[in-house]
Amino acid sequence: MKKTFRILLTATAIAYGGYAHGQTDQTQNKWLAKATDVIAYQLKQASNKYKPGKNPRSTNPDGSVRLVNYRDWTTGFFPGSLWYGYELTGDKGLAEQAKRFTLALDSARYIKDTHDLGFMLYCSYGNAYRITGDKAYLPALADGANHLYQRFDNKVGAIRSWDFSWWHFPVIIDNMMNLEYLYWASKQFNQPSYTVAANSHALTTIKNHFRKDFSSYHVVDYDPKTGKVLAKRTHQGVTDESAWARGQAWALYGYAMCYENTKNPAFLTQAEQVAKFIMNHPRMPKDKVPVWDFDVHNALDVEEKAPRDASAAAIMASALLNLSTQVKNGQKYFNYAEEMLQSLSSDNYLAKAGENNFFILKHSVGAFLYNSEIDTPLDYADYYYLEALKRYIAIKGQNKPAKK
Ligand code: GLY
């Protein structure tokens with residue numbers, strides 16, 4: 001653990017004296033160093049305890065771990081966390097474990113009935129290929145991207161999210177995340193139509209998913225025969241008209257990522273407006289870790305008791321760090337993300353080494369109204385927290401303020 005610790009500190013040390021604002025070296029050293037210790041320990045223990053193909057997703061109400069197989073939408077996050085853990089700590093043992101847990105998801109490449117293929121394959125195989133350059137990871141990535149692209153409908157101008165239930169052609173805001181896989185695959189496999197589909201999806205979503213205040217609906221149901229909007233609903237928010245916290249995070253991350261890939265100014269405007277909604281929200285708590293729905297107080301009258309969603313904060317932090325590097329005045333996004341990361345790295349949210357079923361963060365919410373995963377760790381909270389830390393260190397390491 002001592003060795004890995006040194007590698008992280010070397011990376012952060014490059015930063016000193018560089019970035020315009022942010023914390024003093026000493027303060028930063030402390031919370032990052034502590035977080036890295038916990039990350040290194042938890043990931044090592046988890047990868048020894050759990051078996052490839054049965055990935056840890058969350059904690060059951062009885063305290064036991066909830067394990068999922070290759071079909072679960074979250075299945076790519078644990079291998080992805082191991083890859084990020086390897087990058088953050090330099091521990092080669094984590095890279096070996098990451099490879100085992102990634103290759104156990106091979107069957108996901110044949111799945112056709114969900115948009116979640118980006119979460120499942122790009123977070124696992126995508127990171128594996130990015131880090132190792134090993135072409136053995138490419139066939140699964142090619143199949144999965146093709147199956148995601150096949151879900152695009154020209155009439156609607158979007159990718160269909162789900163095949164279950166009574167929906168006609170449901171598109172959820174979460175779907176924005178999986179466009180990253182299509183942008184990458186478009187270049188990697190020379191498939192320009194993937195980029196066309198991703199751009200169309202993002203533009204259709206700007207048109208139909210957002211309210212005047214730039215908060216997002218969760219689900220828009222389209223008529224596949226005409227492409228017209230049939231309904232705007234929620235699935236995991238407190239009401240159809242509420243701002244489900246993770247949905248706002250997916251929107252922010254999605255448009256910052258779309259701009260990064262295309263430089264289309266419409267995507268940047270959308271990302272900045274969503275960021276404004278989140279950062280100026282009067283019910284964002286002082287520690288900047290939101291309650292699971294910004295409007296929970298209206299519907300349930302339980303604001304005081306409403307659980308926080310660390311997963312939403314982790315996704316927002318990672319998205320804001322990305323955004324901070326793409327605009328002239330990125331410092332405000334960087335500072336906000338830094339505060340979020342510091343909160344998540346405090347004892348309030350960061351697990352103690354050896355506890356929390358070896359997850360890294362505590363206190364997330366999966367689906368409150370379904371009584372599912374309330375105030376538990378979640379594999380995607382850990383994944384985006386690690387990604388955000390990696391981005392944070394990289395920006396600090398650039399030793400200069402955000403460009404353009
Ligand atoms: N993509 C499902 C969720 O955010 O819960």
Side-chain angles (χ1 to χ4, degrees), residues 55-59 66 68 70-78 80-81 108 111 113-124 144 148 151 158-165 167 170-182 201 205 209 215-221 233-240 242-255 257 274 278 289-294 296 306-319 359 361 363-385 387-388:
N55 293 347
R57 167 174 164 152
S58 63
T59 292
R66 178 180 176 190
V68 291
Y70 74 94
R71 282 209 64 90
D72 190 83
W73 80 271
T74 76
T75 202
F77 292 119
F78 182 64
S81 291
I111 293 173
D113 61 0
T114 176
H115 74 107
D116 285 319
L117 290 160
F119 289 128
M120 297 158 88
L121 286 165
Y122 194 54
C123 297
S124 53
L148 177 58
R151 298 181 65 76
I159 293 161
R160 182 181 177 127
S161 299
W162 302 323
D163 288 353
F164 64 83
S165 192
W167 307 98
V171 178
I172 60 175
I173 191 64
D174 325 27
N175 207 325
M176 285 299 303
M177 299 296 285
N178 294 314
L179 304 185
E180 189 168 14
Y181 185 18
L182 284 186
H201 183 102
T205 300
H209 256 83
S215 66
S216 168
Y217 286 96
H218 187 192
V219 193
V220 175
D221 194 26
R233 296 278 170 82
T234 198
H235 181 62
Q236 279 154 272
V238 69
T239 68
D240 289 342
S242 73
W244 172 52
R246 197 162 53 253
Q248 313 317 302
W250 293 142
L252 174 64
Y253 190 115
Y255 283 101
M257 174 277 296
V274 177
I278 292 169
V289 179
V291 160
W292 65 277
D293 189 304
F294 283 106
V296 73
R308 305 294 188 86
D309 182 10
S311 79
I315 298 158
M316 287 169 186
S318 189
F359 291 100
L361 293 180
H363 305 314
S364 288
V365 174
F368 188 94
L369 294 187
Y370 295 86
N371 203 20
S372 172
E373 297 175 322
I374 297 173
D375 198 15
T376 69
L378 286 171
D379 50 0
Y380 41 99
D382 287 1
Y383 178 86
Y384 289 103
Y385 172 66
E387 183 184 79

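Order of appearance sets the numbers: ligands from 1, and atoms from 1 within every ligand.
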* **Atom indices of ligand 1, in the order listed, that fall short of 4.0 Å to a heavy atom of Arg246** => 3 (C), 4 (O), 5 (O)
* Asked: Numbering the atoms of ligand 1 from 1, which are under 4.0 Å from a heavy atom of Gln236?
  -> 3 (C), 5 (O)
* To do: For ring pair (Phe, Tyr, Trp, His ring centres under 6.0 Å), just list the numbers for Tyr380 and Trp73, CA-CA rounded to whole Å, side-chain angles, deciding distance to a tenth of an Å, and then say yes or no.
  => CA-CA 10 Å; Tyr380 41 99; Trp73 80 271; 4.8 Å; yes
* atom 2 (C) of ligand 1: the protein heavy-atom neighbour that sits closest, reported with distance to 0.1 Å -> Asp174 OD2, 3.1 Å
* Asked: Any side-chain heavy atom of Asp72 sitting closer than 4.5 Å to one from Asn55?
  -> no
* Report the relative orientation of the aromatic rings in Phe77 and Phe119; use parallel for angles under 30°, tilted for 30 to 60°, perpendicular for over 60°. => tilted
* N/O of Trp73 under 3.5 Å from N/O of ligand 1, yes or no? -> no
* His235 vs Tyr370 aromatic rings, parallel, tilted or perpendicular, using cut-offs 30° and 60°? -> tilted
